[in-house]
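Chain letters run A, B, ... following the sequence lines, proteins first, then strands; residues in each count from 1.
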Amino acid sequence: MNYWLLKSEPNEYSIDDLAQDQETIWDGVRNYQARNFLREMQRSDLAFFYHSNVKPPAIVGLARVIETQVADPTQFDPESPYYDPKSTPDSPRWQTVKIAFVEKLKRITLPQLKEMFHPEELAVVKKGNRLSVMPVSSAVAQRILTYSN
DNA sequence: GCCAACGTTGGC
DNA sequence: GCCAACGTTGGC
């Protein structure tokens, strides 16, 4: 089983939104590196839910991957800001996953994460990192879970 | 609000 | 295929 980190701006979609919805399709990712990680995800993988673009940014919860290789529906929707006219239902360009709410965690802020981990251990503490989907090693994941329980 | 980092676009 | 210009992310 693998661990991941998913960034979201809470004014777009927060952990409370996920707690209310219980599950959601992680749509709107339009970065190839992030998509490649989404393609690697397997059912029952766990993802840390991270709030970005707020003060302070923080890990706030946990989600579980419940369905993989989901074609992002927004790529076919001309009304969506994520519409991709070059993508067809026969060969969708953007795959994602469906995730389910697991729990809210005791918040770990970015400054705290920087104290706990080196940039090589956890990409989200690296300066200038803009990737919205990234892997987390199980050693790092265990330390986060221990800290926030 | 600023701006560093970095991905994407498009002219050549 | 290079790279300058441009746009976006996201911490500060």
Visitor: Counting side-chain heavy atoms from CB outward, which of C:dG11, B:dG7, B:dT8 is closest to A:Y32?
Guide: B:dT8

Visitor: For A:K127 and B:dA5, is the shortest distance between a side-chain N/O and OP1 or OP2 below 4.0 Å?
Guide: yes

Visitor: Would you mind reading off the distance between A:Q33 atom CD and C:dT9 atom P, rounded to a whole angstrom?
Guide: 16 Å

Visitor: Would you indicate which nucleotide in B:dG7, B:dT8, C:dG11 comes nearest to any side-chain atom of A:S52?
Guide: C:dG11

Visitor: For the residue pair A:Y32 and A:W94, is the inter-centroid distance of their aromatic rings smaller than 6.0 Å?
Guide: yes

Visitor: With a 4.0 Å cut-off on N to O distance, would you call A:D84 and A:R30 a salt bridge?
Guide: no

Visitor: Is A:K104 salt-bridged to A:D16, going by a charged N under 4.0 Å from an acidic O?
Guide: yes

Visitor: With a 4.0 Å cutoff (strictly under), does any side-chain N or O of A:K7 reach OP1 or OP2 of C:dG10?
Guide: yes

Visitor: Answer whether the closest heavy-atom distance between the side chains of A:T24 and A:I99 falls below 4.5 Å.
Guide: yes

Visitor: Does a side-chain N or O from A:K126 land closer than 4.0 Å to OP1 or OP2 of B:dC6, or not?
Guide: no

Visitor: Rounded to whole angstroms, how far apart are CZ on A:R35 and C1' on B:dG7?
Guide: 14 Å

Visitor: Round to a whole Å and report the spacing from CG of A:L131 to P of B:dG7.
Guide: 9 Å

Visitor: Whole angstroms only, please: what is the CD1-C1' distance between A:I59 and C:dG11?
Guide: 16 Å

Visitor: Could you work out which one of C:dG11, C:dT8, C:dG10 sits closest to the side chain of A:S132?
Guide: C:dG10

Visitor: Rounded to whole Å, how long is the line connecting atom CG of A:L5 with atom P of C:dT9?
Guide: 17 Å

Visitor: So, for A:F49 and A:W26, is the gap between ring centers shorter than 6.0 Å?
Guide: yes

Visitor: Any side-chain N or O of A:Y50 under 4.0 Å from OP1/OP2 of C:dG11?
Guide: yes

Visitor: Counting heavy atoms from C-beta on, name the nucleotide in C:dC12, B:dT8, C:dG10 closest to the side chain of A:E9.
Guide: C:dG10

Visitor: Return the value, rounded to whole Å, for the distance between atom CH2 of A:W94 and atom C1' of B:dT8.
Guide: 11 Å

Visitor: In whole Å, I'd like the distance from the OH atom of A:Y82 to the C1' atom of B:dT8.
Guide: 17 Å

Visitor: Calculate the interatomic distance between A:R130 atom CZ and C:dG7 atom P; express it in whole Å.
Guide: 14 Å

Visitor: More 5' along DNA chain B: A:N129 or A:K55, using each one's nearest nucleotide?
Guide: A:K55

